[in-house]
There are 2 protein chains.
Amino acid sequence: MLSQKIIKHLEKLDKKKYRAESKEFIVEGIKGVTEALKSEMEIALIIMEGNRRDESEFASIIELAQEQEVPVEFCGRKDVGFIKNTDTFPGVLAIVDQREIDLEDLAEGPIICLDSIKDPGNLGTIIRTADWFGVHNILLSENSVDPYNSKVVRSTMGSICHVQIFESTNLHRSLETLKNKYEYKIYSLDLNGKKLSTLKPSPKTVYIFGSESHGVSAGLDELIDERYTIEKKGEAESLNVGIAAGILLSKI
Amino acid sequence: MLSQKIIKHLEKLDKKKYRAESKEFIVEGIKGVTEALKSEMEIALIIMEGNRRDESEFASIIELAQEQEVPVEFCGRKDVGFIKNTDTFPGVLAIVDQREIDLEDLAEGPIICLDSIKDPGNLGTIIRTADWFGVHNILLSENSVDPYNSKVVRSTMGSICHVQIFESTNLHRSLETLKNKYEYKIYSLDLNGKKLSTLKPSPKTVYIFGSESHGVSAGLDELIDERYTIEKKGEAESLNVGIAAGILLSKI
């Protein structure tokens with residue numbers, strides 16, 4: 001049985017403000033917890049439904065946790081109501097420390113920059129796709145969805161543990177620094193640029209994606225070196241931002 | 001005010017069985033209804049919130065509807081509770097006839113085939129992306145989500161009106177027909193194929209995508225001419241099916 005203290009802590013971790021204060025977040029499910037254990041992330045605690053501890057995937061998690069001296073608490077059916085984030089509690093979750101990432105940590109290799117992305121599923125899918133293509137630097141604007149939101153974490157399918165996310169408090173200034181101090185080029189993907197097929201990828205590039213409804217913020221215009229567009233042959237008015245990012249990532 | 005008959009009809013159109021019987025579906029919102037009016041789809045009725053009829057986008061819809069002799073019924077605030085599919089009724093919806101599509105209608109140009117896709121958002125996004133790239137032939141397996149489901153329709157952002165969807169009752173047989181009678185090649189996208197960069201697109205090709213959890217059904221193996229894989233450079237285990245379809249569509 002879980003202590004009241006842990007249950008309270010888990011409940012509070014559902015709130016952005018508390019996650020920001022405690023610098024922790026929750027990863028749920030076998031895949032997510034396993035990826036967290038295999039990654040460089042620090043894990044504060046694993047919570048597992050006790051009656052599943054003998055199932056092979058759960059047993060492997062316990063073994064990995066023991067190797068790394070990560071504590072595992074078992075919970076009963078009764079606790080599940082308190083701790084589940086999804087309708088069906090997947091039997092295991094981990095409380096994971098958010099990595100402290102500075103802007104200069106990103107300044108190596110291409111950077112995916114997301115400006116005002118509000119949809120958790122889109123952000124999660126972009127992180128997962130970036131991870132697939134080996135792009136590990138993610139720069140988020142100040143008004144984007146919290147990357148440690150449970151829906152985002154879930155839709156990254158464990159990839160949240162493989163990327164470095166810098167949450168800017170002033171994207172304009174962050175981009176300026178990348179440009180001036182680290183000699184990055186700033187490219188944006190929007191509807192009025194050069195053909196994406198003419199893009200010559202180079203490592204020191206920031207690729208900016210704006211929100212589906214408003215595109216890249218006008219305030220960033222002066223910083224953008226080139227604009228690219230995914231060539232359209234049909235009638236749809238726009239592409240989903242996750243799809244656009246996926247297509248770009250497949251090219252760089 | 002809407003008649004009880006119309007309100008009942010709208011409520012029932014929320015059910016797959018009734019949609020299949022009536023061969024109709026609902027398109028919501030300014031963008032969706034405008035696209036439906038501009039497309040070849042037949043529209044049975046447009047329903048609009050009366051007190052918005054003077055707003056310019058609503059007025060344009062009324063004008064387009066009049067040109068095409070599509071009836072428009074106005075409704076009041078009170079009716080909205082009955083008819084809304086989304087939390088905020090976007091002020092206008094259309095009852096649209098499902099186009100009758102035969103397999104042979106698809107047999108021109110590339111075909112996107114979706115095997116057991118259950119997630120409405122994924123299906124909608126794939127339809128929208130296919131439309132962007134000018135691929136208008138969609139073949140759905142018997143156990144996929146209903147393409148006229150309100151969530152699918154919404155996430156196509158109007159593109160549902162630009163594509164031809166054939167809902168197979170036996171995907172194996174449909175693919176056999178495309179192969180033998182129409183000389184199509186069958187390519188699948190999965191995790192153990194040749195590099196996607198080696199793909200040479202040709203118009204008479206069916207591209208199959210399987211479900212995220214189970215991939216392309218094993219029963220279709222014998223029909224598949226080539227398997228392709230999106231090259232992975234990082235650590236993610238898989239790509240979202242919508243992203244995979246987007247990357248393939250950008251190449252063909």
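Residue numbering restarts at 1 for every chain, and letters A, B, ... go by the order of the sequence lines.
Atom CD of Glu55(B) is surrounded by more than 12 heavy atoms from other residues, nucleotides or ligands within 6.0 Å. Within a 6.0 Å radius of NZ in Lys185(B), other residues, nucleotides and ligands contribute 12 heavy atoms or fewer. Within a 6.0 Å radius of CD in Glu67(B), other residues, nucleotides and ligands contribute more than 12 heavy atoms. Crowding of Glu226(A) atom CD: a count of heavy atoms from other residues, nucleotides or ligands under 6.0 Å exceeding 12. Within 6.0 Å of the NZ atom in Lys23(B), the count of heavy atoms belonging to other residues, nucleotides or ligands does not exceed 12. Atom CD of Gln68(A) has more than 12 heavy atoms from other residues, nucleotides or ligands within 6.0 Å. Counting non-hydrogen atoms of other residues, nucleotides and ligands closer than 6.0 Å to CD of Glu57(A) gives a total of 12 or fewer. No more than 12 heavy atoms of other residues, nucleotides or ligands lie within 6.0 Å of NZ in Lys151(A), so this atom counts as exposed by the packing criterion.
The choice from Leu239(A), Leu248(A), Asn240(A) that makes the most heavy-atom pairs within less than 4.5 Å of chain B is Leu239(A). Of the residues considered (Glu235(A), Lys233(A), His162(A)), Glu235(A) shows the highest number of contacts with chain B, using heavy-atom pairs under 4.5 Å. Your options are Glu231(A), His136(A), Arg128(A), and the one with the most heavy-atom pairs under 4.5 Å with chain B is Arg128(A). The candidate from Ala244(A), Ala236(A), Gly242(A), Gly134(A) with the greatest count of non-hydrogen atom pairs under 4.5 Å with chain B is Ala236(A).
Within the model, atoms CZ of Phe133(A) and CD1 of Ile247(B) stand 3.5 Å from one another, a figure rounded to the nearest 0.5 Å.
Looking at Ser155(A), there are no atoms closer than 4.5 Å to chain B (heavy atoms on both sides), in backbone or side chain. Only the side chain of Ser159(A) comes within contact range of chain B, with heavy atoms under 4.5 Å apart. Looking at Thr125(B), only its side chain comes within 4.5 Å of chain A, counting heavy atoms on both sides. With a 4.5 angstrom heavy-atom cutoff, Ser238(B) touches chain A via backbone and side-chain atoms both.
Considering only heavy atoms from C-beta on, Trp132(B) comes within 4.5 Å of Ile230(A) through its side chain.
Note on Lys31(A) versus Glu237(B): salt bridge recorded, some NZ/NE/NH1/NH2 to OD/OE distance being below 4.0 Å.
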